[in-house]
Amino acid sequence: MFSTKLLRWFGQAKRDLPWRKEPRVPYRVWVSEVMLQQTRVDVVIPYYRRFLRRFPSLKSLAAAPLDDVLALWSGLGYYTRARNLWKAARACQGALPRTAAALRELPGFGPYTAAAVASLAFGEDVPLVDGNVARVLARVFRLEGDAREESWTVAATLLPKGRAGAFNEALMELGATVCTPRAPRCGECPVSRECQGRSAPERYPQPRKRPERPLLEWTALALQRRDGAVLLSRRPEDALFAGLWDLPATEIKLPGVRQHGELADCGVVEQTLTHREVRVSIQRGRGSGTPRSKTLRWVLPLHLGALGLSSLARKSLRRAGIAGA
DNA sequence: AAAGCGGGGAG
DNA sequence: CTCCCAGCTTT
């Protein structure tokens with residue numbers, strides 16, 4: 001009954017999203033699912049369009065340099081997603097595996113993404129649980145505590161044979177548009193009649209406790225050449241914003257680069273992340289020379305758009321007075 | 001089981 | 001300001 005009502009509702013409430021365009025090409029489903037990890041639909045849409053224009057197929061993605069992929073990911077966050085997407089494209093030899101179990105073997109495929117691609121693109125009868133599904137099921141069945149784990153079992157019992165894809169998508173759609181985290185629209189809910197949590201939806205699921213957010217601080221140097229190019233350095237693989245380009249921190253050695261004149265203080269840029277607060281002081285100056293390190297390069301403002309930079313790095317560049325970031 | 005990893009939109 | 005989003009990986 002639950003599944004039937006949900007599917008009927010989905011038939012008329014389904015939003016028109018770029019990755020829902022028929023036919024459902026597995027590659028496109030995959031790209032959208034990865035971008036949507038911890039990221040809202042509205043944010044993803046423009047990134048998704050750009051990405052598909054540049055990498056229309058699995059083959060084109062596999063053939064591209066990683067830096068091109070990171071450039072298109074710039075600003076989207078969780079950059080390991082882009083690395084794993086690229087790695088998996090290279091690993092899967094022309095076509096994605098067709099089952100959740102096989103997809104799990106590829107980098108970047110966790111329980112959710114494997115089930116999403118398997119059910120939505122290949123029609124496999126597997127349940128899935130994301131934040132939306134866990135919230136909906138926690139309310140409907142009054143699941144106590146953190147409902148994410150238990151939801152996998154519950155979702156499996158509700159799964160209508162042969163319609164897993166539509167069911168999974170409907171459950172997520174309900175969570176995204178009706179059974180929202182705050183102020184759910186129970187009056188518009190197709191399953192409010194069978195919802196055990198209707199009287200107190202905000203009690204479910206139990207909110208997670210948020211970790212403290214330590215402050216991370218450093219000073220970055222914006223050296224500009226006479227032609228306007230700015231000196232960037234590639235961040236180490238084990239650091240925050242791993243492998244992305246950024247203004248070099250003052251601790252970074254700059255072999256081959258000369259600095260002219262005094263530095264000017266440009267103030268501070270800040271970025272709040274889930275697990276820490278970052279504050280970067282920006283100093284600006286003039287420089288020249290040929291870097292003797294592969295992790296250093298001069299970049300013209302015109303070319304900043306084609307580089308893998310974090311949002312914080314772009315903010316830093318703007319603060320240093322460099323347009324085009 | 002918990003921590004690390006981006007960024008931003010909504011209330 | 002807080003919450004949390006179509007989560008995954010590592011410890």
Side-chain angles (χ1 to χ4, degrees), chain A residues 10 14-15 17-20 28-48 70 73-85 87-88 103-121 127-136 138 145-149 151-152 155 165 167-177 179-184 202 205-214 216 235 237-244 246 269-278 308-315:
Chain A
F10 188 50
K14 186 174 183 176
R15 287 174 295 173
L17 300 173
W19 44 87
R20 285 181 178 166
R28 292 190 211 147
V29 173
W30 173 36
V31 172
S32 71
E33 291 302 340
V34 173
M35 286 189 170
L36 287 161
Q37 289 167 12
Q38 298 292 284
T39 312
R40 250 177 299 275
V41 167
D42 299 339
V43 177
V44 165
I45 289 175
Y47 282 90
Y48 175 82
L70 289 172
W73 213 269
S74 178
L76 198 52
Y78 288 136
Y79 299 92
T80 298
R81 293 185 293 174
R83 302 167 169 283
N84 284 338
L85 193 71
K87 277 190 212 166
L103 287 163
R104 279 299 309 262
E105 302 297 317
L106 292 168
F109 279 87
Y112 168 79
T113 307
V117 173
S119 64
L120 299 181
L128 61 73
V129 174
D130 70 338
N132 288 309
V133 174
R135 183 175 58 257
V136 170
D146 184 334
R148 286 176 295 177
E149 211 49 51
S151 291
W152 282 92
F167 174 76
N168 287 338
E169 208 166 19
L171 214 39
M172 292 191 282
E173 190 83 346
L174 186 68
T177 63
C179 195
T180 48
R182 277 170 298 190
E202 310 257 19
Q206 179 183 284
R208 300 188 231 178
K209 63 169 189 284
R210 54 182 176 78
E212 57 181 290
R213 212 151 37 197
L216 187 58
R235 297 182 58 83
E237 297 299 326
D238 59 351
L240 192 63
F241 307 119
L244 301 183
D246 200 353
V269 292
E270 292 178 309
Q271 178 82 35
T272 303
L273 309 180
T274 303
H275 59 297
R276 64 184 72 236
E277 183 84 25
V278 187
L309 299 172
S310 67
S311 289
L312 178 60
R314 293 196 189 282
K315 230 182 273 185

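Lettering follows sequence order; numbering is per chain, from 1.
- Using a 4.0 Å cut-off between a side-chain N of Lys or Arg and a carboxylate O of Asp or Glu, A/R148 and A/D146 qualify as a salt bridge.
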Response to the item:
Protein-proximity profile, nucleotides 4-11 of chain B, B/S/- by nucleotide at the 4.0 Å heavy-atom cutoff, equals SBBBBBB-
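- The C1' atoms of C/dC5 and B/dG6 are separated by 12 Å, rounded to the nearest whole Å.
- One finds a salt bridge joining A/E237 and A/R83 here, because a Lys/Arg side-chain nitrogen approaches an Asp/Glu carboxylate oxygen to under 4.0 Å.
- Contacts of A/R314 with the nucleic acid, taken as non-hydrogen atoms under 4.0 Å apart, are absent.
- For the residue pair A/E277 and A/T272, a side-chain donor N or O sits within less than 3.5 Å of a side-chain acceptor on the partner.
- Taking the six-membered ring for Trp and thresholds of 30 and 60 degrees, A/W19 and A/Y48 have ring planes more than 60 degrees apart, a perpendicular arrangement.
- Between A/R213 and A/Y112, the residue anchored nearer the 5' end of DNA chain C, judged by the nucleotide with its closest heavy atom, is A/R213.
- Within the nucleic acid shown, A/P211 has no heavy atom closer than 4.0 Å to any nucleic acid atom.
- Atom OH of A/Y47 is separated from atom P of C/dA6 by 17 Å (rounded to the nearest Å).
- Heavy atoms of A/W19 sit under 4.0 angstrom from at least one base atom.
- Residue A/V41 is classed as a base contact, given a heavy-atom separation below 4.0 Å to a base.
- Separation of the C1' atoms belonging to B/dA3 and C/dA6 is 22 Å when rounded to the nearest angstrom.
- Taking side-chain N and O atoms only, A/R135 has a distance below 4.0 Å to OP1 or OP2 of C/dC5.
- Ring centroid separation for the pair A/Y78 and A/W73 does not come in under the 6.0 Å cut-off.
- For the atom pair CG of A/L76 and CZ of A/R81, the computed distance is 4.5 Å after rounding to the nearest 0.5 Å.
- Here A/R15 lies in heavy-atom contact (under 4.0 Å) with a base.
- Residue A/T180 is out of contact with every strand shown, counting any heavy-atom pair closer than 4.0 Å.
- Ion pair A/R182/A/E202 not flagged as a salt bridge, since none of the NZ, NE, NH1 or NH2 atoms sits closer than 4.0 Å to an Asp/Glu carboxylate oxygen.
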